Structure formats: C-alpha cells, structure tokens
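Numbers here simply count residues along the sequence, with the first being 1. Treat the numbers as computed from the prediction; the structure is a model and nothing was measured.
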Amino acid sequence: MISYLAAIELIRSHAKLHTHESVMLQDACGRISAADIYSHMNLPSFNNSAMDGFALKAADTVTASAICPVKLRVGATLAAGSDLQNVELADCIAIMTGAAVPDDYDAIIPIEQVQVVHEGEQKYILVSDGVESSANLRFAGEDVQQNSLIVHANQQLRPQDIMLLAACGVASVTVYSQIAIALATSGEEISDKYSQALDFGQIYNANAPLLQNLATSPVFDLNYHGIIGDSGKELIDLIYNSSAQIIITTGAVSMGEWDFIPETLREIGAEIIFHKTAIRPGKPILFAKFTDGRYFFGLPGNPVSSFVGWRFFVIQLIRAMVGKHAEKISTAIAQNEFHKKHRLRQFLKANLSIDNGLAQLTISREQASFKIAPLTTSNVWAIAGEEQQIKIGDKVQFVPLIADLFD
C-alpha cells in the first residue's frame, strides 16, 4: 500500500501527452487547446463609435455652454460597415454605433446630448457642454493587440474563449483529441434493469450512471460495456476488443474470493503500477498499464469509492494527458470536528459556505462509502491528511465535488 501523493506521482510519471486534432470553432467548446493561440489582428481592428451620435473634434466644443451652445455643421452619415472613402466631412458627421470613425474626429457625442436643427437642407447640431477628447471612442487594439496571446496551451475552452477567438477571426483550433474511455461494472449481483424489481440479494447499478455522467465533458468519449460478471473472461474480452485509451471497471479489486481483476491483469501481462493506497474511501483502487500503452483503473465497487476513484485518480491521469498541471487545492475553516481512528488520507463529504467573506467547511457525519444520499447535499470534498484530526477552527483542504478542468 502506498500513499496518495505517491500514487499520483506514479500516475503522472506514466502519463503520455495525448494526440492532437484540428476542430472548427463551433465544435471547440469544452475541448482543451493543444497550443498557444495568438491574435493576427487588433480588436477592434479600427477606431469606431461606441454610441449613436455625432463624431466631432473635441477642441471645437471647449467654449460650449447652455447659454452659448456651439453650432456645428453636419456632413455625412456613417452606419456600421460603411467605408471611409468619399465621405463628406464637415464640422461633424452623424455616426452609428460600430461605424468607423474618420481620423479627422477624436470624440463622439451621443445624439441625446445635442439639439438638431435644420436650416433649409443643411443640418446642424447645437452642443451645450464641452466634450472630452476620446469620449465614446473605441480604439483599434483597445481590447486585443495584434500578436498578443489570447488562448493558452492546455486551456479548456469556454464559451467566452470561443467568442474571443471568433472576434479575432479564428476559424479552427488545435485541441487534444477526445480521450476514449471504456467502462464496465463487475458483479453478478448488479442489475442494469432499473425498471424491474430486484431479486433478493441484487442491487441496482449506481456506478455506471455515475461515471457516465461524470464523463459528459467534450474532453471524453466514454462507452459503457455493461456488466462483466465475476470472472476474468469477459474482462479479457473487453481489454482485447477495446481501443479505448483508458479502461475502467468498478468492483472486484479487493481481497475477496471473487475479486478477480488483479490476477486477471497479471495473467495477460499488464503492469500493475499500484494496488491499494492509504486513503478512505477507495483504499483497494488499482492502476495498471498495458504493453500497448493503454491504462487501466480498477475502482472499488462502493459507489462513493468509485466517485473518489474517478475524482482523485482518473482525473489526475487525464490532466497529465492533456498537459495540465496538478490540481490546485484550496483551504477553508472547519465548522465542526472530525476525528478518525486510522492514519489514512480521507476524502470527506462536506459543504462549503461563505460567511462574511470567509470560506467555511461543514463536514458531513455520514462518511460510510456505501452511503450515497449525503453526497446529494454536499458540494465539496474536504481532505483530512493522514495524521490530521480536524477541530473547529482548523484550516482544512478541499476541492470541488466535481472536477473542474477549466482551472
């Protein structure tokens, strides 16, 4: 049995960077960029108006007042998308939001701040207050400078990132290919027939829906291969017939008579990197590697243990495969005590709240690995170190309940 930190070090040391592919921007949200992306243009690409109003020279309005307004002759009218060739210039021009501003003008006054008057066919505006230079102007490159970094390598792309890339004229991005995962559950007592009554001794399969839903990110391509019973044949068939980079099973990794997975892996020549870590729940977790470079996780069968196996082990491999650093850990102040009778790192169902700007943790009293209901009222995992006994007021580490690959 090894420590949790040693297990994570082994996982990351065996991880190889995943393959890349190019995808269109509309398909890129949630994917992880494989390279830095720089803008080939300024954003905005030209000086433009932030208001519907009039482009003018600020110096012409210095003497303006309510008693003695400045009168300016209006030339052309520019809409968004208009070019600046053959524009009739005058003291000012009418301009719409987003329209390019000729270099002759250095400010925009909103239409509601002027009085429009007509003398025959000629239009004028009366300005009753001085306008500051650059008022209501959006300058070229004010948002993004040409050649500046707009997306980092190993960054998971969010909707706002897609918006920025599109605004900078990026049509496609290089991302890590989806990580193919094959999932199977073991146990003759497991039933996937949720609409049917259970026979005595059976239990419904909670692990498969859990892991399928934890892997809904576009980073993953998870396929569920059903229940493989309590013998090695179906596991061997799955391993040989699947091309998934990661194979995950739940159950059959402890020390019981029917815990066939470790021996089956040895029989087919897999390298077991570690089996059992000094944690609770999920102590029997197994991590192995096949000769073709694919990975295997044997997660314990209790649903909370499977959750822990995904959250604190599988995700660590995936982060390494897409070039992401180890997850950052936060701390909060314990609002209740938690004492343990072992020297294991324990992942605890807990609730994070913010009170007067302070992060506070309330640890659930229901920590048994078979108890699912307390997870539905938890929002974080608190982490009690191997030697740690938690007292009220202690600083305690925590991470979000669901892994966040956007960090």
Side-chain angles (χ1 to χ4, degrees), residues 1-12 206-207 210-211 213-215 248-251 253-254 273-287 297-320 324 326-353 359-392 394-405 407:
M1 183 168 65
I2 63 173
S3 72
Y4 172 73
L5 294 180
I8 298 310
E9 186 175 342
L10 284 170
I11 287 174
R12 293 190 69 90
N207 287 332
L210 165 72
L211 295 169
N213 281 277
L214 286 172
I248 300 175
T249 61
T250 64
V253 289
S254 192
I273 308 300
F274 62 79
H275 183 200
K276 296 184 181 178
T277 55
I279 63 168
R280 180 174 290 181
K283 181 178 175 182
I285 188 168
L286 181 151
F287 175 57
F297 279 102
L299 308 185
N302 275 324
V304 178
S305 297
S306 284
F307 202 147
V308 165
W310 171 272
R311 178 65 182 84
F312 292 98
F313 292 85
V314 179
I315 286 294
Q316 307 313 313
L317 173 64
I318 289 165
R319 291 182 71 95
K324 294 186 76 68
E327 183 178 11
K328 295 177 181 177
I329 308 295
S330 302
T331 59
I333 304 301
Q335 298 303 293
N336 58 339
E337 295 184 345
F338 182 83
H339 297 285
K340 49 192 177 70
K341 298 178 181 179
H342 53 75
R343 293 184 176 179
L344 304 174
R345 177 172 295 229
Q346 189 158 355
F347 303 108
L348 302 164
K349 307 157 192 166
N351 262 289
L352 174 71
S353 60
Q360 301 181 343
L361 277 177
T362 302
I363 298 167
S364 171
R365 300 298 182 189
E366 304 293 341
Q367 296 298 336
S369 61
F370 74 92
K371 290 188 176 182
I372 301 172
L375 267 178
T376 66
T377 56
S378 300
N379 59 16
V380 295
W381 293 103
I383 304 171
E386 287 80 354
E387 304 292 333
Q388 187 176 14
Q389 302 293 338
I390 297 173
K391 301 183 295 294
I392 295 174
D394 284 354
K395 288 185 176 180
V396 179
Q397 292 185 327
F398 73 91
V399 294
L401 197 69
I402 308 296
D404 182 8
L405 289 175
D407 68 339

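For the ring pair (Phe, Tyr, Trp, His ring centres under 6.0 Å) test, no residue two or more places apart in sequence or in another chain qualifies with Phe370. In terms of the ring pair (Phe, Tyr, Trp, His ring centres under 6.0 Å) criterion, residue partners of Phe287 (sequence neighbours excluded) are, by chain and number, Phe274, Phe297. In this view, Asp407 and Arg319 satisfy the salt bridge (Lys or Arg N to Asp or Glu O under 4.0 Å) rule, not counting sequence neighbours.
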Using residues 2-12 as the side-chain source, report each donor-acceptor pair under 3.5 Å to any protein atom, sequence neighbours left out, with the distance given to one decimal.
unit_1 : atom_1 : unit_2 : atom_2 : d
Ser3   : OG     : Ala6   : N      : 3.1
Tyr4   : OH     : Phe312 : O      : 2.9
Arg12  : NH2    : Lys324 : O      : 2.9

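A donor-acceptor distance shorter than 3.5 angstrom exists from the side chain of Asn336 to the backbone of Ile363, with no hydrogens or angles considered. Proximity of a side-chain donor or acceptor of Gln346 to a complementary backbone N or O of Leu344 within less than 3.5 Å is not detected. Not a single donor-acceptor pair under 3.5 Å links the side chain of Thr250 to the backbone N or O of Gly301. No side-chain donor-acceptor contact under 3.5 Å links Trp381 to the backbone of Leu348. A donor-acceptor pair is defined here as one N or O able to donate and one able to accept, closer than 3.5 Å; such a pair exists between the side chain of Lys349 and the backbone of Ala368.
The residue from Leu210, Ile402, Leu211 that alone fulfils the side chain to side chain contact (heavy atoms under 4.5 Å, CB included) condition with Trp310 is Leu211. Paired with Phe313 under the rule side chain to side chain contact (heavy atoms under 4.5 Å, CB included), one option of Leu299, Ile318, Ile279, Leu286 passes, and it is Ile279.
Atom NZ of Lys340 has more than 12 neighbouring heavy atoms from other residues, nucleotides or ligands inside a 6.0 Å radius.
Applying the salt bridge (charged side-chain N to carboxylate O under 4.0 Å, His left out) test to pairs two or more places apart or on separate chains, those with a residue in residues 379-389 are Arg343-Glu387, Arg345-Glu386. Annotation: salt bridge (charged side-chain N to carboxylate O under 4.0 Å, His left out) contacts involving residues 370-381, sequence neighbours excluded, comprise Glu366-Lys371.
For the pair Pro400 and Glu327, the minimum side-chain heavy-atom distance is below 4.5 Å. Here the side chains of Gln397 and Thr331 are in contact, with some heavy-atom distance below 4.5 Å. Side-chain contact between Val253 and Ile285: absent, with no pair of heavy atoms (C-beta onward) separated by less than 4.5 Å. Contact annotation: the side chain of Ile383 never approaches that of Gln388 to less than 4.5 Å [non-hydrogen atoms, C-beta and beyond]. With contacts defined as side-chain heavy-atom distances shorter than 4.5 Å, the pair Asn351/Asn379 qualifies. Leu361 places a side-chain heavy atom less than 4.5 Å from the side chain of Leu352.
In this structure, the separation between CD on Gln367 and CZ on Arg280 is 11.0 Å, given to the nearest 0.5 Å. For the atom pair Lys391 NZ and Phe338 CZ, the distance stands at 14.0 Å (nearest 0.5 Å). The distance from atom CD1 of Ile248 to atom CG of Asn207, rounded to the nearest 0.5 Å, is 11.0 Å. Once rounded to the nearest 0.5 Å, the distance linking OG of Ser306 with CZ of Arg311 reads 15.5 Å.
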Full working for side-chain contact (heavy atoms from CB on, under 4.5 Å) between Phe307 and Leu214: CA-CA 9 Å; Phe307 202 147; Leu214 286 172; 4.1 Å; yes
